[in-house]
2 protein chains.
Amino acid sequence: MNTALGDTAGKLVGGAAQLIMRVGYNGFSYADLSERFGIRKASIHHHFPSKVDLVVAVVEQARAGIRAQIAALEEGSPVAIDQLRFYTGYWERCIKDQSAPFCLAAVLAAELPGLPEEVAVSVRGHFADLGKWLERLLELGAKQGSVRLEASPDVEAQAFMAAVYGAMLAARAFDDPERFNVIVETLFRRIRA
Amino acid sequence: MNTALGDTAGKLVGGAAQLIMRVGYNGFSYADLSERFGIRKASIHHHFPSKVDLVVAVVEQARAGIRAQIAALEEGSPVAIDQLRFYTGYWERCIKDQSAPFCLAAVLAAELPGLPEEVAVSVRGHFADLGKWLERLLELGAKQGSVRLEASPDVEAQAFMAAVYGAMLAARAFDDPERFNVIVETLFRRIRA
DNA sequence: CTACCTCAACCTATCAGAAGGTAGACAATG
DNA sequence: CATTGTCTACCTTCTGATAGGTTGAGGTAG
């Protein structure tokens, strides 16, 4: 489905992803990537003719990665609560070691009204996917008896997602990765049967 | 304490606030304000010599407004749960009528690592204030018997804040103001005694 | 009263640098 | 030799910012 990105293109997408996580769409430029990878701006345009192309590639690569991880996860453990734990644990690690101090899509969502439409579509797609996955998981968890829901799976999934993303924002605002863990823990205290 | 802003300066701060809510720090320019208010860019520089000055003024004005509302609120109703309801109700209205579709500080927090230090300090200050207020309120609510806490007031305050801000992000990502209400409702279902 | 001074607010004109992007030459590699 | 990746060399537009001039309201000295 996705064109296998070449070596350089892959590096660029990765670098752009990190920059977007830090400073958002309008906060980074081709010049930043140029400097970081020792490559001229024009060469970046060769791989990604416009900034929109680049950022859409970044978001789509992230979404593909998530889809792959979800598939692997469903293969690995059929226990819903374990999958939820893995999901939050992933972010816990990323935030602590600062490898991905924030969800890419969240930064972009914050500035959504100012984004080029193509990018906005990708970002909204991510949240739609994530919401559906969490809904399935919570419903499954309820059936398995490991999750206790006080509202519909749909609503609970939205609340779960909001809590996780809010926790990320808090961790950034307070410059304290531990805050993410603490907030997520209250989340699980709530839904664990 | 705060210099009473002149008429024009006040309009500029208000306009900048709205722009930041939509597109963030790097997403708006003096040219945008210039066009919107029919005033030259140089005149904006007369009131706010640099962009940092302008944005700090925006954030500080917002913080002052919040402090004032909190004071009025504590005067009005000593019932903690009512104050919490008023707080979320305020955002509910703002998001629905799109007058303030997002918390200014939240957009800025999302791009924190890329902000000028002075702005970052103001933004962090806002979150510190808000966290402390919510902590006081939750503790009070527990004493009054209208709030049920499963963790320390500190932790519960962080979780409350994260949920509210996550709900805002969700409302924006799904372009659906109702989502904010739904998520906030699950929040209250949880903490109401 | 009037002539003068001051000052805030706004203007025009201009700038240097960054942003995003293009054209076309030159290697390397299959 | 055609393709792919990179380069140099530009271009245009935007951005934040400055210098210096104009206007008008308000105070004050003669």
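Each chain gets a letter, A, B and so on, in the order the sequences are listed, and its residues count up from 1. This one's a predicted model, so the numbers in the text were calculated from it and none came from an experiment.
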Asks: Starting at atom NE2 of A:His45, determine the distance to atom C1' of D:dC7, rounded to an integer number of angstrom.
Replies: 14 Å

Asks: Could you tell me how far apart B:Lys41 (NZ) and D:dG16 (P) are, to the nearest whole angstrom?
Replies: 8 Å

Asks: Over how many whole Å does the gap from B:Phe37 atom CZ to C:dA9 atom P extend?
Replies: 16 Å

Asks: Under 4.0 Å between any heavy atoms, over every strand shown, what does B:Ser43 touch: base, sugar-phosphate, or nothing? Just pick one.
Replies: base

Asks: Count the heavy atoms of every other residue, nucleotide or ligand shown that sit under 6.0 Å from CG of B:Asp176, and state whether that count exceeds 12.
Replies: yes

Asks: Tell me what A:Ala42 touches on the nucleic acid: a base, only sugar-phosphate, or nothing, going by heavy atoms under 4.0 Å.
Replies: base

Asks: Over 60° means perpendicular and under 30° means parallel, so tell me whether A:Tyr165 and A:Phe127 are parallel, tilted or perpendicular.
Replies: tilted

Asks: With a 4.0 Å cut-off on heavy atoms, is B:Phe28 in touch with a base, just the backbone sugar-phosphate, or nothing at all?
Replies: sugar-phosphate

Asks: Could you tell me how far apart B:Asn26 (CG) and C:dA18 (C1') are, to the nearest whole angstrom?
Replies: 13 Å

Asks: Rounded to whole Å, how long is the line connecting atom CZ of A:Arg40 with atom C1' of C:dA19?
Replies: 17 Å

Asks: In this structure, how many angstroms lie between the C1' atom of D:dG5 and the CD1 atom of A:Ile44, rounded?
Replies: 13 Å

Asks: So, is A:Ser50 close to the C:dG20 phosphate, meaning a side-chain N or O under 4.0 Å from OP1 or OP2?
Replies: no

Asks: Expressed in angstrom and rounded to an integer, what is the separation of A:Tyr30 atom OH from C:dT22 atom P?
Replies: 9 Å

Asks: Indicate whether any N or O donor in one side chain lies under 3.5 Å from an N or O acceptor in the other, for A:Ser99 and A:Asp97.
Replies: yes

Asks: To the side chain of B:Lys51, which of D:dA17, D:dT6, C:dG21 is closest?
Replies: D:dA17

Asks: Answer yes if the side chains of B:Arg136 and B:Gln83 hold a donor-acceptor pair under 3.5 Å, and no otherwise.
Replies: no

Asks: Can a cation-pi geometry be assigned to B:Arg22 and B:Phe28, taking NZ or CZ under 6.0 Å from the six-membered ring centre and within 45° of the ring axis?
Replies: no

Asks: Is the phosphate of D:dT15, meaning OP1 or OP2, less than 4.0 Å from a side-chain N or O of B:Ser29?
Replies: yes

Asks: Can you measure A:Phe48 atom CZ to C:dT22 atom P for me and round it to whole angstrom units?
Replies: 15 Å

Asks: Would one find a side-chain N or O of B:His46 under 4.0 angstrom from OP1 or OP2 of D:dT18?
Replies: no

